[in-house]
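Only one structure is covered here, and it is reproduced in the block below.
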Number of protein chains: 2
Amino acid sequence: MLDTPRSAAPAEDIGSRLRLVRQIYRVTQRELARRAGVTNGAISLIEQNRVSPSISSLKKILDGIPLSLADFFTLNLESSENVFFQAADLTEIAFGERISMRMVGNNIKNRAMQMLHETYQPGADTGEEMLRHQGEECGIITAGCLAVTVGTQEQVLYPGDAYYFRSDIPHRFRNPGDTPCELISVNSPPSF
Amino acid sequence: MLDTPRSAAPAEDIGSRLRLVRQIYRVTQRELARRAGVTNGAISLIEQNRVSPSISSLKKILDGIPLSLADFFTLNLESSENVFFQAADLTEIAFGERISMRMVGNNIKNRAMQMLHETYQPGADTGEEMLRHQGEECGIITAGCLAVTVGTQEQVLYPGDAYYFRSDIPHRFRNPGDTPCELISVNSPPSF
DNA sequence: TAGCATTGTTGAAAATTCTAAACGGTTGGA
DNA sequence: TCCAACCGTTTAGAATTTTCAACAATGCTA
């Protein structure tokens with residue numbers, strides 16, 4: 001709010017912004033279109049910047065993620081050459097009210113990995129529908145505890161404990177404790 | 001960013017939001033239309049929520065203020081019944097890079113006054129074109145110093161000093177010092 | 001009070017966005 | 001290897017936004 005000119009920089013590229021957000025949340029154009037009540041074609045055109053969506057359309061689409069307009073435009077995706085990142089500068093993404101993550105190096109091009117600083121509130125859960133995607137991932141717990149399910153195995157991990165698995169094996173994360181759980185995780189290749 | 005559902009609340013009413021911002025910055029529909037390269041009719045329709053502007057149009061309009069999309073959607077205009085406001089919760093508005101103000105009670109309906117906590121950076125100036133509008137205003141300096149011009153009079157005010165005048169007399173504010181100037185001011189009736 | 005300037009609002013036409021349906025490309029399983 | 005399922009893209013037409021121009025309302029000045 002304070003410094004208008006500062007944040008005025010990358011507001012143009014709505015298309016890339018939407019595509020990035022959609023990929024971060026791992027939704028296809030068609031699925032998002034279905035949730036939002038628009039057509040997949042519309043989303044495609046918007047992501048290619050071949051049209052400039054009306055606020056009402058964009059709102060509907062973001063509701064399907066869900067993400068507020070304010071958060072959408074506040075997302076920090078400036079590309080930079082930086083090597084160091086202050087905690088406060090990391091782009092923060094929320095999944096529902098209980099899971100949030102700060103992204104390390106998400107604005108670096110052609111990178112091999114995606115590092116995340118994740119926080120799971122007590123009871124937070126990636127949900128019954130198991131996650132599955134290309135690549136590999138690993139992580140190490142830094143606070144609280146985390147129940148990790150990979151394939152048929154489940155294990156509760158405590159600070160210092162870690163995991164590493166191929167991401168195409170169905171997996172799920174859940175915080176069974178009553179304090180927030182923090183962990184540092186890495187995906188390779190980055191899926192967004 | 002953290003808590004998506006929180007900020008998802010009042011994102012709908014783009015029209016009121018735009019009208020409020022425009023009035024805060026004291027621009028007419030036609031003047032803003034001219035700056036933005038759109039027609040005044042378009043702005044009128046948008047402010048009445050009779051159309052949902054495309055992002056490109058909204059962007060052009062906000063550029064004329066100027067205000068970023070992110071700031072526009074981040075503006076806090078929830079109406080509330082609150083009596084107390086934490087400093088961090090006050091809606092903050094920037095005029096260029098040098099003048100900013102936090103609004104007290106801007107979300108209260110049918111109020112008689114608008115209180116502002118204003119900050120003028122060194123050299124900040126409301127500009128050669130004098131301000132003029134309905135109502136009365138007064139203020140008291142709390143830090144730094146402020147050169148206030150009202151009609152043919154000019155005076156530099158220091159902490160503890162104050163002013164009070166009818167707002168239809170042309171007036172202007174400027175920080176001639178080399179430290180930020182802070183003051184508390186009140187307009188009555190509120191012009192936005 | 002009359003006249004002028006300025007403000008916000010409207011209606012029809014032009015321009016843009018959105019939908020519906022089909023297309024080509026990729027992946028995974030039989 | 002073929003097929004089915006799914007992905008994102010594209011095109012013509014429907015729907016919506018934006019322009020242009022005229023209108024009514026308000027405030028200011030003579």
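FYI, side chains are in, hydrogens and waters are out, and symmetry mates aren't considered; it's all heavy atoms of this structure. First the proteins, then the strands, lettered A, B, ... as listed; each starts at 1.
Proximity of B:Arg50 to the phosphate of C:dT9: no side-chain N or O atom is located under 4.0 Å from OP1 or OP2. Phosphate proximity of D:dT17 to B:Ser57: absent, as no side-chain N or O sits under 4.0 Å from OP1 or OP2. A close approach under 4.0 Å does occur between a side-chain nitrogen or oxygen of B:Arg19 and OP1 or OP2 of C:dT9. Applying the 4.0 Å criterion to OP1 and OP2 of C:dT6, one finds that B:Gln29 has every side-chain N and O outside that range.
If you check every strand for non-hydrogen atoms under 4.0 Å, B:Gln48 touches sugar and phosphate atoms only. Within the 4.0 angstrom heavy-atom criterion, base atoms lie near B:Thr39. Residue contacts shown for A:Ile43 are absent, as no nucleic acid heavy atom lies under 4.0 Å away. When heavy atoms are screened at a 4.0 angstrom cut-off, B:Ser52 is found touching the sugar-phosphate backbone but no base atom. Among the protein residues, B:Ser44 comes within range of the nucleic acid bases, having at least one heavy atom under 4.0 Å from a base atom.
In this entry the distance linking CG of A:Leu18 with P of C:dT17 reads 15 Å, nearest Å. Rounding to whole angstrom units, CD of residue B:Gln23 and P of C:dT7 are separated by 13 Å. Protein atom CG of B:Leu45 is 8 Å distant from nucleotide atom C1' of C:dT10, rounded to whole Å. Rounded to a whole Å, the CG atom of B:Asn40 is 11 Å from the C1' atom of D:dA22. Summarising the geometry, the separation between NZ on B:Lys60 and P on D:dT17 is reported as 16 Å, rounded to the nearest angstrom. The distance between atom CG of A:Leu32 and atom P of D:dC7, rounded to the nearest whole Å, is 12 Å. To the nearest angstrom, P of D:dT16 lies 16 Å from CG of B:Asn49. If you take CZ of B:Arg30 and P of D:dA21, they are 13 Å apart, rounded to a whole angstrom.
Comparing B:Ser54 and B:Ala42, the nucleotide of DNA chain C nearest to each residue sits closer to the 5' end for B:Ala42. Toward the 5′ end of DNA chain C lies the nearest nucleotide of B:Glu31, the other residue of the pair B:Glu31 and B:Gly41 mapping further downstream.
The pair A:Arg22-A:Glu47 meets the salt-bridge criterion, since a charged nitrogen lies less than 4.0 angstrom from a carboxylate oxygen.
Between B:Phe73 and A:Phe73, the ring-plane angle classifies as parallel under the 30° and 60° cut-offs.
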